[in-house]
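Here is the structure we will look at, set down as structure tokens.
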2 protein chains.
Amino acid sequence: MNNKPTIHDIAKALGIDSSTVSRALNDSPRVTRATKDKILAKAEELGYQRNMLASNLRKNITNTIGVVVPRISRHFFSSAIQGIEETAYLAGYNVIICQSLEQLEREKKIVGGLLANRVDGLLISVSMETMNYDHLEALKNSNIPLIFFDRHCDIPGFSNVLIDDFKGGYDATQHLISKGCKHIAHFSGPQELEIYKNRFEGYKAALKRNNLTFKEEYVISSRLMEQDGYISMRKLLAKKLPIDAVFCANDLSAIGAMKHTKELQIKIPDAIAFVGFSNEPVSSVIEPSLTTIDQSGFEIGKIASELMLKQILTKETPQKGQTILIDTHLIERNSSKK
Amino acid sequence: MNNKPTIHDIAKALGIDSSTVSRALNDSPRVTRATKDKILAKAEELGYQRNMLASNLRKNITNTIGVVVPRISRHFFSSAIQGIEETAYLAGYNVIICQSLEQLEREKKIVGGLLANRVDGLLISVSMETMNYDHLEALKNSNIPLIFFDRHCDIPGFSNVLIDDFKGGYDATQHLISKGCKHIAHFSGPQELEIYKNRFEGYKAALKRNNLTFKEEYVISSRLMEQDGYISMRKLLAKKLPIDAVFCANDLSAIGAMKHTKELQIKIPDAIAFVGFSNEPVSSVIEPSLTTIDQSGFEIGKIASELMLKQILTKETPQKGQTILIDTHLIERNSSKK
DNA sequence: CTGTTAGCGCGTTCAA
DNA sequence: TTGAACGCGCTAACAG
């Protein structure tokens with residue numbers, strides 16, 4: 001009742017050796033069908049359950065990959081986890097999910113803990129506090145692979161799976177241009193952050209490609225919170241420039257911008273679209289007319305997980321580390337239908 | 001490089017025995033300060049990291065509790081996990097998060113896996129498919145405690161931490177009455193589900209308490225999807241009854257109902273409130289004026305986790321299993337301020 | 001096809 | 001205070 005039965009218990013009950021039991025339970029071909037059946041029956045009867053701790057210790061592999069994200073409550077990350085798990089489970093791997101809550105200290109502890117538990121690989125999307133990479137660089141000369149997804153550090157030797165922000169910005173802008181917009185503003189984010197810089201570059205590239213001249217006064221920079229979108233929109237309107245559309249570098253600012261236009265009861269031509277980056281359900285719910293550039297968490301998770309499995313199985317981390325870029329998806333919603 | 005150092009490696013390097021190293025690393029008082037320091041220094045130097053598999057195997061405890069939820073992407077569950085982790089970490093426990101994706105088969109596998117990995121306790125919110133409890137009842141005569149939170153099974157012997165739906169329904173209705181509403185409709189859910197039944201009962205109890213007569217025609221039952229709220233509202237309005245407010249049994253239906261009233265451009269008196277059950281950010285974003293009855297995932301997680309730790313530490317599961325009811329919180333939002 | 005032996009890395013006796 | 005020896009439960013090597 002209290003003490004769980006072991007292979008020895010079932011071996012003793014059958015008058016055979018525990019190694020035979022072990023083999024049978026692992027469905028080894030080196031055990032007769034008959035004894036195998038007897039063993040399985042006995043195991044069932046005693047309510048035997050393999051002790052993974054012992055098994056993993058002995059085999060020196062855990063069939064487990066660790067995943068570290070800032071917060072699982074963010075839709076992007078939870079769908080990434082979905083993608084990771086799906087691939088991992090199909091390959092017979094378990095997944096341990098941990099959240100750093102954007103704290104470097106927690107992230108360090110978590111990574112240490114996962115290593116101490118001997119995970120076979122590590123997928124990580126780093127916290128915002130992660131400027132120091134020591135705890136990750138330490139993995140370099142271990143034999144467990146590390147792959148960054150979405151939020152990465154630039155450490156040569158490790159692979160990355162990232163959103164193609166440049167292409168996203170390009171596609172968003174191109175979409176607006178294709179709808180006939182000529183004067184497209186851009187609400188951009190902090191340019192120290194690569195993602196915002198890349199989205200901005202994509203915007204400029206699309207303008208150029210279409211022979212539209214880029215004008216500095218159409219760009220308003222902020223921290224892209226909802227409040228910022230609101231303020232940016234006010235600033236933009238105050239300039240009295242001709243405007244056909246605004247390309248917002250994220251979803252929150254787009255929502256803020258929309259609210260402001262509504263409040264002012266501005267007549268917005270059909271061609272105007274607010275484009276944000278996010279697949280949070282919020283953005284699609286609040287403004288059914290909002291066109292968004294979605295980043296598929298599921299997809300990024302799936303690709304990252306596949307890459308991880310490949311590295312685990314081949315035991316080969318590419319020397320320089322490869323970077324895979326994942327496409328975004330432009331979602332045009334139709335507010336005219338219910 | 002490849003093979004991780006063990007206590008033997010550091011023992012050998014120092015010319016002492018591995019058992020001393022073990023004691024030192026566990027900060028046992030039975031080791032001299034001096035040797036302890038030497039050992040710790042050497043451990044650091046070699047990049048030693050305790051093998052938890054071996055340690056746990058030996059100690060027969062893992063300091064880990066398993067958590068099973070239908071999906072981590074649902075805000076209620078991810079905040080419950082937050083609450084669980086916070087309490088657990090403070091007590092020095094690790095948490096393994098798993099999602100059943102509402103599938104019984106997955107749930108069974110997960111529970112089996114967690115047991116095989118020898119978690120010290122199990123917190124579970126069961127899937128919608130979980131009608132058969134065999135995989136959970138099997139835990140009865142094991143010594144690892146099992147506690148249900150939110151979605152539970154009625155298995156005597158296990159404890160539950162649940163939302164007080166009756167009180168929630170009561171409070172919501174009382175709130176509307178206090179604001180002066182006399183004719184309060186109710187959009188209710190499937191009465192086979194306890195939560196909806198309890199919310200309905202709370203609604204009736206509040207009416208009775210305030211000497212308002214309950215009328216069947218004010219109740220519209222559905223599956224409470226957004227679309228259902230929309231339809232229910234149409235049905236309700238078609239009855240041409242006097243209506244001051246509607247108490248919706250969940251958030252989605254409330255959103256659907258709101259959309260319909262907007263579409264019809266119905267003038268809604270100030271006193272009208274739509275009250276749903278959810279702390280999903282969606283409901284608060286889409287309708288800033290929506291008053292909601294929030295269930296605190298964080299709180300339920302915290303309480304469940306505390307109860308779990310208590311049961312683990314005392315090694316005593318209450319014979320009959322206790323049920324703790326968690327209060328909901330009425331959130332009245334103010335749409336007048338920005 | 002099965003049994004024997006020997007560890008995986010750690011923590012805990014028991015002596016010294 | 002430290003060392004020697006054993007065992008947690010399982011699997012892998014080698015016999016037979």
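All of these numbers come straight from a predicted model, not from anything done at the bench. Letters go in sequence order (proteins before strands), and every chain restarts at 1.
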Mind calculating the distance between [atom1] ([X]) and [atom2] ([N]) to the nearest angstrom?
| X | N | atom1 | atom2 | answer |
| --- | --- | --- | --- | --- |
| A/N56 | D/dA12 | CG | C1' | 15 Å |
| A/N60 | C/dC10 | CG | P | 11 Å |
| A/K4 | D/dG9 | NZ | P | 11 Å |
| B/H8 | C/dC8 | NE2 | C1' | 10 Å |
| A/I10 | D/dC10 | CD1 | C1' | 13 Å |
| B/L57 | C/dC10 | CG | P | 12 Å |
| B/K59 | C/dG11 | NZ | P | 6 Å |
| B/I7 | C/dG11 | CD1 | C1' | 8 Å |

Q) Considering heavy-atom distances to DNA chain D, does A/S18 or B/R58 have its closest nucleotide positioned more toward the 5' end? A) B/R58
Q.
Let's see if you get this right: which residues in residues 19-31 of chain A place a heavy atom under 4.0 Å from DNA chain D?
A. A/S19, A/S22, A/R23, A/N26, A/R30
**Q.** Upstream residue (5' side of DNA chain C) when B/D17 and A/T32 are each assigned their closest nucleotide
**A.** A/T32
For the side chain of [X] and the backbone of [Y], is there at least one donor-acceptor N/O pair under 3.5 Å apart?
| X | Y | result |
| --- | --- | --- |
| B/S55 | B/N51 | no |
| A/E107 | A/S127 | yes |
| B/S142 | B/A138 | no |

Q: For DNA chain C, find the residues of residues 35-52 of chain A with a heavy-atom distance under 4.0 Å and give them by number; none if there aren't any.
A: A/T35
Q. Do you know which of A/R74, A/R151, A/R71 makes salt bridge (charged side-chain N to carboxylate O under 4.0 Å, His left out) with A/E102?
A. A/R151
Q: Tell me whether the OP1 or OP2 atom of D/dG9 has a side-chain N or O from A/S55 closer than 4.0 Å.
A: no
Q) Using 4.0 Å as the upper bound for N to carboxylate O, is an ion pair formed by B/E299 and B/K302? A) no
Q: Considering only NZ, NE, NH1 and NH2 on the basic side and carboxylate oxygens on the acidic side, decide whether A/K36 and A/D27 come within less than 4.0 Å.
A: yes
Q.
Hydrogens and angles aside, do A/S19 and A/S22 bring a side-chain donor and acceptor to less than 3.5 Å of each other?
A. no
Q: Answer with base, sugar-phosphate or nothing: what part of the nucleic acid does B/I16 contact at a heavy-atom distance below 4.0 Å?
A: sugar-phosphate
Q | Identified side-chain hydrogen bond (donor to acceptor under 3.5 Å, both in side chains) counterpart of B/T62 within the set B/N56, B/N94, B/D120 | A | B/D120
**Q.** Partner of B/V21 under side-chain contact (heavy atoms from CB on, under 4.5 Å), chosen from B/T6, B/L14, B/I39, B/L40
**A.** B/I39
